[in-house]
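Below is one structure; the comments refer to it alone.
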Amino acid sequence: MKWNKGLTGMLLAAFLCSVPGLGIATPAQASTIEYKFDFGGGAVETGYTGVSASLSYNSARGYGFRTPEKMRNVNASGTGVASDAVQFLATGTKSENTFDVDLPPGLYEVSVTLGDTSRSSVAAEGVYQVINMTGNGAKDRFQIPVTDGQLNLLVTEGKEGASFTLSALEIKQLSSNPVTKRTIYIGGDSTVCNYYPLDSSVQAGWGQLLPEFVNPNTFQIRNMASGGQIARGFHQDGQLEAIVQYIKPGDYFILQLGINDTNPKHNESEAEFKDWMRDMIRQVKAKGATVILSTPQGRATDFNANNVHNAENRWYRSTILALAQEEQAPLVDLNVLSSAYFTSIGKEATLALYMKGDTLHPNHAGARELARLVAQDLKRQGLSGF
């Protein structure tokens with residue numbers, strides 16, 4: 001659909017006239033477009049535009065729900081914009097039950113605040129944008145290029161049976177050029193993925209903390225990892241699809257799987273694991289991007305009688321090393337790097353980097369140390385941005 005020039009022009013004019021000394025938009029100023037939506041049936045927060053579940057899209061307004069009959073207003077347990085929300089009754093990344101906003105072509109930053117939900121994902125343009133946001137009022141943001149004149153966004157499954165709700169949405173144009181800055185995409189499992197709130201969660205994945213060790217002027221990071229994931233699932237469930245849709249030359253894709261793949265319940269052999277991983281590597285390389293393989297760290301308790309940490313035989317590590325060589329992909333052997341670090345700090349200090357009573361999943365401090373090891377090794381290998 002075409003973007004609504006009249007609506008955008010009115011928004012820009014109102015913005016410019018509100019700034020002392022500004023009355024006529026220059027070309028540089030004309031790229032500034034910003035929306036702030038407060039969803040639900042309750043009071044609308046100052047500075048936001050209220051959107052009820054019944055608001056149908058029309059071209060004169062330039063925003064609204066495509067299928068409002070599949071939306072409903074619900075309460076939420078937060079405050080301000082998070083005190084109410086809308087619930088999506090039809091979901092799935094390909095669903096037409098979207099909130100649509102007319103936008104001129106360009107690059108946008110989209111900030112989302114969920115309502116009450118145990119686990120939800122955000123999709124736009126038919127693919128995942130944020131994976132498994134957890135907890136009531138969870139917040140995250142992402143960059144997205146808009147090329148067809150309209151943003152189409154929905155909240156969808158992160159966990160079967162959960163409610164999928166949206167409390168607030170902010171959209172800000174970053175550039176009139178619909179191309180993201182260089183991006184590091186991350187694929188993985190629960191030791192890699194994001195936990196919410198991002199800045200204060202007790203548990204964390206190293207992908208969540210990697211931004212602390214990356215030059216933000218060079219890269220943005222898109223962590224597409226999810227708990228419990230295996231190679232077949234990442235390939236087939238929509239996460240790879242989202243990456244392939246957007247990844248471009250100059251981008252990186254860091255891929256770490258293997259922990260859950262070794263669990264017999266997933267019925268995935270080591271040969272099948274290798275095939276799924278190889279296909280993901282080749283699909284991303286075909287887009288001109290660089291694939292970086294990583295081996296998973298071991299358990300906190302993988303110490304021998306000499307107090308040396310070693311987990312080299314875990315989680316298909318040998319297959320990952322073979323793939324890196326066969327596909328000529330850079331390798332971060334986090335398994336060995338983390339063991340060397342754990343040995344240097346000792347058993348008790350290592351346990352303190354994991355969740356209480358859990359020898360597999362790092363806490364926030366542990367994820368930070370693993371992210372540091374990943375970034376240091378990539379810098380050692382000469383990859384830019386670290």
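Treat the numbers as computed from the prediction; the structure is a model and nothing was measured. We're numbering straight along the sequence, starting at 1.
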Output, in order, the C-alpha distance, side-chain angles, deciding distance and verdict of side-chain hydrogen bond (donor to acceptor under 3.5 Å, both in side chains) for Asn132 and Ser226. CA-CA 7 Å; Asn132 288 356; Ser226 60; 4.6 Å; no

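- When all heavy atoms of Ser77 and Asn136 are compared, the pair lying nearest together is OG-ND2, 3.5 Å.
- Looking only at distances, no side-chain donor or acceptor of Asn194 sits under 3.5 Å from a matching main-chain atom of Ile131.
- With hydrophobic clusters built from ILVMFWY side chains whose heavy atoms lie under 4.5 angstrom apart, Phe234 shares a cluster with Val130.
- More than 12 heavy atoms of other residues, nucleotides or ligands sit less than 6.0 Å from atom CG of Asn215.
- The aromatic rings of Phe342 and His309 sit perpendicular, their planes meeting at an angle over 60°, well past the 30° parallel limit.
- Within a 6.0 Å sphere centred on NZ of Lys285, other residues, nucleotides and ligands contribute more than 12 heavy atoms.
- Of the possible polar contacts, one joining the His364 side chain to the Ser201 backbone as a donor-acceptor pair under 3.5 Å is found.
- Atom NZ of Lys181 sits in a crowded spot, with more than 12 heavy atoms from other residues, nucleotides or ligands closer than 6.0 Å.
- Remark: side-chain polar atoms of Thr117 are paired, donor with acceptor, to backbone N or O of Ser163 under 3.5 angstrom.
- For the pair Glu327/Leu293, no side-chain contact is recorded, criterion being any heavy-atom separation below 4.5 Å from C-beta on.
- The aromatic ring centroids of Phe99 and Phe37 lie less than 6.0 Å from each other.
- Side-chain contact check for Phe39 versus Met71: every heavy-atom pair is 4.5 Å or farther apart.
- Both Val332 and Leu370 sit in one connected hydrophobic cluster of ILVMFWY residues. Membership requires side-chain heavy atoms under 4.5 Å apart, directly or through other members.
- A salt bridge links Asp377 with Arg380; the closest basic N to acidic carboxylate O contact falls under 4.0 Å.
- Ion pairing between Asp302 and Arg299 fails under the 4.0 Å rule for side-chain N and carboxylate O.
- Within 6.0 Å of CZ on Arg141 lie no more than 12 heavy atoms contributed by other residues, nucleotides or ligands.
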Verdict with supporting geometry, Val284 and Ile247, side-chain contact (heavy atoms from CB on, under 4.5 Å): CA-CA 7 Å; Val284 171; Ile247 203 164; 3.7 Å; yes

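- With hydrogens and angles ignored, the 3.5 Å screen pairs no side-chain donor or acceptor of Glu34 with any backbone N or O of Glu170.
- In this structure, Lys379 places its NZ atom where only 12 or fewer heavy-atom neighbours from other residues, nucleotides or ligands lie under 6.0 Å away.
- No side-chain heavy atom of Val110 sits under 4.5 Å from any side-chain heavy atom of Lys172.
- The minimum heavy-atom distance linking Gly92 with Thr156 is given by the pair N-OG1, 2.6 Å.
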Quick one: do Tyr35 and Thr49 satisfy side-chain contact (heavy atoms from CB on, under 4.5 Å)? Show the steps, please. CA-CA 8 Å; Tyr35 288 91; Thr49 298; over 6 Å; no

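- Using a 3.5 Å distance cut-off with no hydrogens or angles, the side chains of Thr180 and Gln143 do not pair a donor with an acceptor.
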Evaluate side-chain hydrogen bond (donor to acceptor under 3.5 Å, both in side chains) for Thr67 paired with Asn97, printing each intermediate quantity in order. CA-CA 5 Å; Thr67 54; Asn97 188 31; 2.6 Å; yes

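- Within the 3.5 Å criterion, the main-chain N or O of Asn335 finds a donor-acceptor partner in the side chain of Thr295.
- Contact annotation: the side chain of Phe142 approaches that of Val122 to within less than 4.5 Å [non-hydrogen atoms, C-beta and beyond].
- Side chains of Thr183 and Gln220: a donor-acceptor N/O pair is present below 3.5 angstrom, by distance only.
- Considering all non-hydrogen atoms of both residues, Phe164 and Arg119 come closest at CE2-O, 4.0 Å.
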Let me see the working for Asp102 and Ser59 under side-chain hydrogen bond (donor to acceptor under 3.5 Å, both in side chains), right down to the final yes or no. CA-CA 8 Å; Asp102 291 343; Ser59 58; over 6 Å; no

Could you walk me through whether Tyr185 and Val244 pass the side-chain contact (heavy atoms from CB on, under 4.5 Å) test, one step at a time? CA-CA 10 Å; Tyr185 294 90; Val244 171; over 6 Å; no

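- With hydrogens and angles left out, the side-chain atoms of Gln256 and Ser294 include a donor and acceptor closer than 3.5 Å.
- Using a 4.5 Å cut-off on side-chain heavy atoms (C-beta onward), Phe303 and Val308 make no contact.
- Linking ILVMFWY residues whenever their side-chain heavy atoms come closer than 4.5 Å, directly or via other members, leaves Val81 and Leu114 in distinct clusters.
- In this structure a side-chain-to-backbone donor-acceptor pair under 3.5 Å is present from Ser344 to Tyr341.
- In this structure, Glu268 contributes its side chain and Arg232 its backbone to a donor-acceptor pair below 3.5 Å.
- Distance alone, capped at 3.5 Å, is enough to place a donor-acceptor pair between the Glu272 side chain and the Ser269 backbone.
- Residues Leu151 and Ile33 share a single hydrophobic cluster, defined by chaining ILVMFWY side chains whose heavy atoms lie under 4.5 Å apart.
- Atoms CD1 and CH2, from Ile259 and Trp315 in turn, are 4.5 Å apart once rounded to the nearest 0.5 Å.
- Taking the side chain as every heavy atom from C-beta outward, Gln283 and Phe253 never approach each other to under 4.5 Å.
- The shortest non-hydrogen separation linking Ser120 to Val155 is CB-CG1, 3.6 Å.
- Note that the OG1 atom of Thr98 and the CD atom of Gln150 stand 7.0 Å from one another [nearest 0.5 Å].
- In the hydrophobic clustering of this structure, Val44 does not group with Val74; members are Ile, Leu, Val, Met, Phe, Trp, Tyr whose side-chain heavy atoms approach within less than 4.5 Å, directly or through other members.
- Side-chain contact check for Trp206 versus Ile254: some heavy-atom pair is nearer than 4.5 Å.
- The CD1 atom of Ile184 sits 7.0 Å away from atom CD1 of Ile292, with the distance rounded to the nearest 0.5 Å.
- Side chain of Asn363 to main chain of Tyr354: a donor-acceptor pair is present (N/O by atom type, distance under 3.5 Å, no hydrogens or angles).
- Residue Lys36 places its NZ atom among more than 12 non-hydrogen atoms of other residues, nucleotides or ligands, all under 6.0 Å distant.
- Of all heavy-atom pairs spanning Gln208 and Asn223, the tightest one is N-ND2, 3.5 Å.
- Of all the heavy atoms in Ala225 and Gln239, the pair that sits closest is C-NE2, 4.0 Å.
- Ser175 and Asn177 form no side-chain donor-acceptor contact under 3.5 Å, judged by distance and modelled atom types alone.
- One finds the CG atom of Leu321 at 15.5 Å from the OH atom of Tyr316 (value rounded to the nearest 0.5 Å).
- Between Leu169 and Val112, some side-chain heavy-atom pair lies under the 4.5 Å cut-off.
- No more than 12 heavy atoms of other residues, nucleotides or ligands lie within 6.0 Å of CG in Asn267, so this atom counts as exposed by the packing criterion.
- Judged by distance alone, the side chain of Asn58 and the main-chain N or O of Arg61 form a donor-acceptor pair under 3.5 Å.
- When the shell of 6.0 Å around CD of Gln376 is examined, it contains more than 12 heavy atoms from other residues, nucleotides or ligands.
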Between Ile230 and Trp276, is a side-chain contact (heavy atoms from CB on, under 4.5 Å) present by the stated rule, with each step listed? CA-CA 9 Å; Ile230 62 174; Trp276 289 117; over 6 Å; no

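- To the nearest 0.5 Å, atoms CG (Leu323) and CG (Asp275) are separated by 9.0 Å.
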